[in-house]
Amino acid sequence: MRASKPPRVIRSDRSGYSRMVIYWGEDGKRHREYFHSPAEARRRAKELRSLLEQAGREAIAAVTPERLTLLRLAEDLQARLAPYALSLEEVGKRLLLFLPVLSRYGVSLEEAFRRTSELLALERNSPPVRMVVERLLDAKAKEGKSPRTLRDLRSYLGQFCCSFGDRPIACIRRQEIAEYLDKAPSLWVRYNWQRTLSTLFAFAKTRQWLWENPLHGLPVARPKLPEIRSYSPREAQTLLVVAREKFPEVLPYLALGFFAGLRRAELQRLDWQDIKGKYVRVSAGKAKTASTHLLSFNI
C-alpha cells in the first residue's frame with residue numbers, strides 16, 4: 001500500500017452495502033472492499049492502517065546508510081540517463097556483465113554506472129556495419145592502398161556485411177564473431193577474415209564508434225606457411241629459355257624476379273619507365289615497405 005494515500009472509509013456505490021474501504025496496493029492500483037455496516041468498514045480500515053504502519057517501520061529499519069547512499073545514487077543516475085532515453089534497469093542489467101572486469105581496477109559503483117550508461121548510449125548511436133565498411137574503404141583508397149588490397153578488403157568485408165551489415169557496429173559481440181569465423185571453409189580463409197575484421201573494428205574504435213574491439217581475446221589461428229624453395233640455376237635457365245622461345249611477353253617478369261629479387265606484387269606494379277639500364281626504381285606506392293628503393297641486377 002502507498003504510504004501517501006492511507007485507507008479511507010466512504011459511502012458505498014453498490015446497492016446492499018452501506019460503506020466501502022478504498023486503499024492502494026503494492027501494485028499501485030486502487031482497491032475497494034464493501035461492508036454492510038460502518039463498524040465493519042472502520043475495523044477493516046484500521047487493520048489496513050496498522051499493516052501500512054508496520055510496513056513503513058520495517059522499510060525505515062531496512063534503510064541503512066549504505067542503502068540510502070545507493071538510493072540517492074540511483075536517483076541521480078536516473079536523472080543523468082534521461083537524455084539518453086535509458087532506464088536504470090536497462091543499465092543495471094548491462095552493468096552486471098561488466099562488474100567482474102571493472103572491479104579488478106577498483107572502479108566505484110557510480111563510475112561503473114556512468115561507464116555502462118555511456119556504453120549503452122554509444123551502442124544506440126553507433127553507425128551500421130555497412131556504413132563503417134564504406135568509410136574504411138574510402139580511407140584506405142585515400143591512403144593509396146593498392147587495387148589488390150582494396151579488392152581483398154571489399155571481398156571479405158562484403159561477405160561480413162551479408163550477415164551483419166545493418167547492425168550497429170558497437171552491438172557486435174565477441175561470441176558472434178567467433179561463430180562467424182568458425183564458418184570459414186579453411187584455416188587460411190579464417191586467418192584472412194580475422195585479420196580484415198580486426199582492421200575494421202580498429203578503424204571504428206579510432207572514431208569512437210565502439211567501446212572495444214570484439215576480436216580482442218580471440219585466438220588467432222595462424223596456418224602453417226608452405227616451405228619456401230628456390231629455383232636451381234639449371235631450372236632458372238630452362239624457364240628463361242622456354243619463355244624466350246614460346247612466351248616472350250613474360251621474359252622480363254622472370255628476369256627481374258630471378259636477378260633483381262623483386263616480390264611478385266612489386267613486379268606486377270612496375271612500368272617500363274621504372275627500368276633504366278641495369279637499375280630498377282621501385283617507388284613507395286609500388287613497394288611493400290611503402291618506401292622508394294633502387295635495385296641493380298646483372299645478367
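Everything quoted here is computed from the prediction, not taken from an experiment.
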Sorted by chain and number, sequence neighbours left out, side-chain hydrogen bond (donor to acceptor under 3.5 Å, both in side chains) with Arg32 holds for Asp13
By side-chain hydrogen bond (donor to acceptor under 3.5 Å, both in side chains), which residues pair with Tyr191, not counting sequence neighbours?
Arg222
Intermediate values then yes/no, side chain to side chain contact (heavy atoms under 4.5 Å, CB included), Arg135 and Phe203
CA-CA 9 Å; Arg135 298 284 184 84; Phe203 175 81; 3.8 Å; yes
Results of salt bridge (charged side-chain N to carboxylate O under 4.0 Å, His left out) for [X] - residues two or more places apart only:
X      : value
Glu176 : Arg167
Arg190 : Asp182
Glu33  : Arg44

Mind checking what makes side chain to side chain contact (heavy atoms under 4.5 Å, CB included) contact with [X], not counting sequence neighbours?
X      : answer
Pro219 : none
Pro128 : Met131
Leu137 : Val133, Leu153, Arg154
Pro38  : Ser18, Arg19, Arg42

For Arg8, does the CZ atom sit with more than 12 other heavy atoms under 6.0 Å from it, leaving out its own atoms?
no
Same cluster or not: Trp188 versus Leu181, using hydrophobic residues (I, L, V, M, F, W, Y) connected whenever any side-chain heavy atoms lie under 4.5 Å apart?
no
Cluster link Tyr231 to Val250, ILVMFWY, side chain under 4.5 Å
yes
Quick check: do [X] and [Y] have side-chain heavy atoms less than 4.5 Å from each other?
X      : Y      : answer
Glu249 : Phe247 : yes
Val132 : Arg130 : no
Leu215 : Arg174 : no
Leu52  : Tyr23  : no

Taking every non-hydrogen atom, the tightest pair across [X] and [Y]:
X      : Y      : value
Ile169 : Val129 : CA-CG2, 4.0 Å
Pro7   : Leu48  : CG-CB, 3.5 Å
Lys205 : Leu210 : CB-CD1, 3.7 Å
Trp209 : Ser126 : O-CB, 3.2 Å
Leu240 : Leu254 : CD2-CB, 3.9 Å
Pro214 : Ile172 : CB-O, 3.9 Å

Listed partners of Tyr17 passing ring pair (Phe, Tyr, Trp, His ring centres under 6.0 Å), at least two apart
Tyr34, His36
Once rounded to the nearest 0.5 Å, what's the spacing between atom CZ of Arg49 and atom CG of Leu51?
12.0 Å
d(Arg11 CZ, Met20 CE) to nearest 0.5 Å is 11.5 Å
Please check if the side chain of Arg30 supplies one atom and the backbone of Ile22 the other of a donor-acceptor pair under 3.5 Å.
no
Tabulate below the donor-acceptor pairs under 3.5 Å that side-chain atoms of residues 155-163 make, not counting sequence neighbours, or state none.
| unit_1 | atom_1 | unit_2 | atom_2 | d |
| --- | --- | --- | --- | --- |
| Tyr156 | OH | Asn192 | ND2 | 3.1 |
| Gln159 | NE2 | Ser155 | O | 3.4 |

Listing request: all salt bridge (Lys or Arg N to Asp or Glu O under 4.0 Å) pairs with a residue in residues 141-151, at least two apart in sequence or in separate chains.
Lys140-Glu143
Please report the C-alpha distance between Tyr180 and Leu197 in whole Å, then the side-chain angles of each, then the deciding distance to 0.1 Å, and finally whether the side chain to side chain contact (heavy atoms under 4.5 Å, CB included) criterion is met.
CA-CA 11 Å; Tyr180 177 80; Leu197 291 179; 4.1 Å; yes
